[in-house]
Amino acid sequence: MKNRTIDSLDSMAELLSSRVGDWEIFNMRTESTQVEAKGGEIECRSTGIVDGIALRVIKSGRMGFSCMGAGMDFPNAIDNALSIAEHGEKAANTLFASGNGIRIEKG
């Protein structure tokens, strides 16, 4: 059974595929716990989770990107990436993996 993050990434991939041909999603999640030893006792000071998703797209030969954390919706992140691609640099000599397979955008 897949976890919620994988289900979300699958949904994101489907949405990206419906809007643009070449794309990548990168998900990073880190968990940390800060502890302190006082008088022979271990005390938990803090715990935290950092979770973020970044995406790259190529639209009309130009690259766009966006990233999101908690509270940002994925369709908005796609809109941002596509908007950046409209004005972005040519995606020359770029190795790009997406739902369409790995390919190289040559300049």
Side-chain angles (χ1 to χ4, degrees):
M1 185 163 130
K2 293 191 253 183
N3 67 32
R4 229 168 75 195
T5 300
I6 298 300
D7 288 338
S8 296
L9 291 175
D10 285 345
S11 297
M12 292 173 191
E14 287 178 24
L15 185 55
L16 268 168
S17 293
S18 72
R19 305 235 1 233
V20 66
D22 294 305
W23 53 268
E24 286 183 320
I25 300 173
F26 179 77
N27 176 241
M28 183 173 187
R29 179 183 173 100
T30 57
E31 297 180 33
S32 64
T33 303
Q34 182 183 13
V35 296
E36 186 175 311
K38 282 186 177 178
E41 301 268 328
I42 302 283
E43 183 179 308
C44 181
R45 303 286 294 163
S46 66
T47 60
I49 297 173
V50 176
D51 194 6
I53 294 174
L55 62 106
R56 291 193 313 166
V57 300
I58 293 180
K59 180 181 178 184
S60 303
R62 296 185 180 277
M63 189 177 326
F65 64 92
S66 184
C67 60
M68 59 184 271
M72 185 175 177
D73 64 281
F74 195 68
N76 190 41
I78 294 173
D79 290 342
N80 290 344
L82 292 172
S83 177
I84 289 169
E86 287 178 20
H87 309 284
E89 302 220 0
K90 288 280 188 186
N93 302 315
T94 302
L95 178 64
F96 214 81
S98 74
N100 294 328
I102 296 174
R103 71 180 187 81
I104 297 175
E105 184 75 32
K106 298 196 180 203

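When reading the values below, keep in mind they use all heavy atoms of this one structure, side chains included, and skip hydrogens, waters and symmetry mates.
Arg62 places a side-chain N or O within 3.5 Å of a backbone atom of Gly88 that can act as its donor or acceptor partner. No side-chain donor-acceptor contact under 3.5 Å links Asp22 to the backbone of Lys59.
Within a 6.0 Å sphere centred on CZ of Phe65, heavy atoms belonging to other residues, nucleotides or ligands number 12 at most.
Counting all heavy atoms, side chain and backbone alike, Met68 lies closest to Asp73 at CE-C, 4.3 Å. Taking all atoms of both residues into account, the shortest heavy-atom contact from Leu15 to Pro75 is CD2-CG, 3.8 Å. Of all the heavy atoms in Ala77 and Leu55, the pair that sits closest is CB-CD2, 4.0 Å.
Note that the CD1 atom of Ile53 and the CD1 atom of Ile25 stand 7.0 Å from one another [nearest 0.5 Å]. The structure places CD of Glu36 at 9.5 Å from CD1 of Ile42, a figure rounded to the nearest 0.5 Å.
No side-chain heavy atom of Val57 sits under 4.5 Å from any side-chain heavy atom of Ile78.
Remark: Thr33 engages Val35, Cys44, Thr47 in a side-chain contact (heavy atoms from CB on, under 4.5 Å) (not counting sequence neighbours). Listed by chain and number, the residues in a side chain to side chain donor-acceptor pair (under 3.5 Å) with Glu41 amount to none (sequence neighbours excluded). Annotation: side chain to side chain donor-acceptor pair (under 3.5 Å) contacts of Glu14 (sequence neighbours excluded): none. A search for side chain to side chain donor-acceptor pair (under 3.5 Å) contacts involving Ser18 returns nothing, not counting sequence neighbours.
Taking Ile, Leu, Val, Met, Phe, Trp and Tyr as members and joining any whose side-chain heavy atoms lie under 4.5 Å apart, directly or through other members, Ile49 forms no hydrophobic cluster with any other residue.
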Side-chain atoms of residues 79-87: list all donor-acceptor pairs with protein atoms under 3.5 Å, sequence neighbours left out, distances to 0.1 Å.
{"from": "Asp79", "atom 1": "OD1", "to": "Arg19", "atom 2": "NH1", "distance (Å)": "2.9"}
{"from": "Asp79", "atom 1": "OD1", "to": "Arg19", "atom 2": "NH2", "distance (Å)": "2.7"}

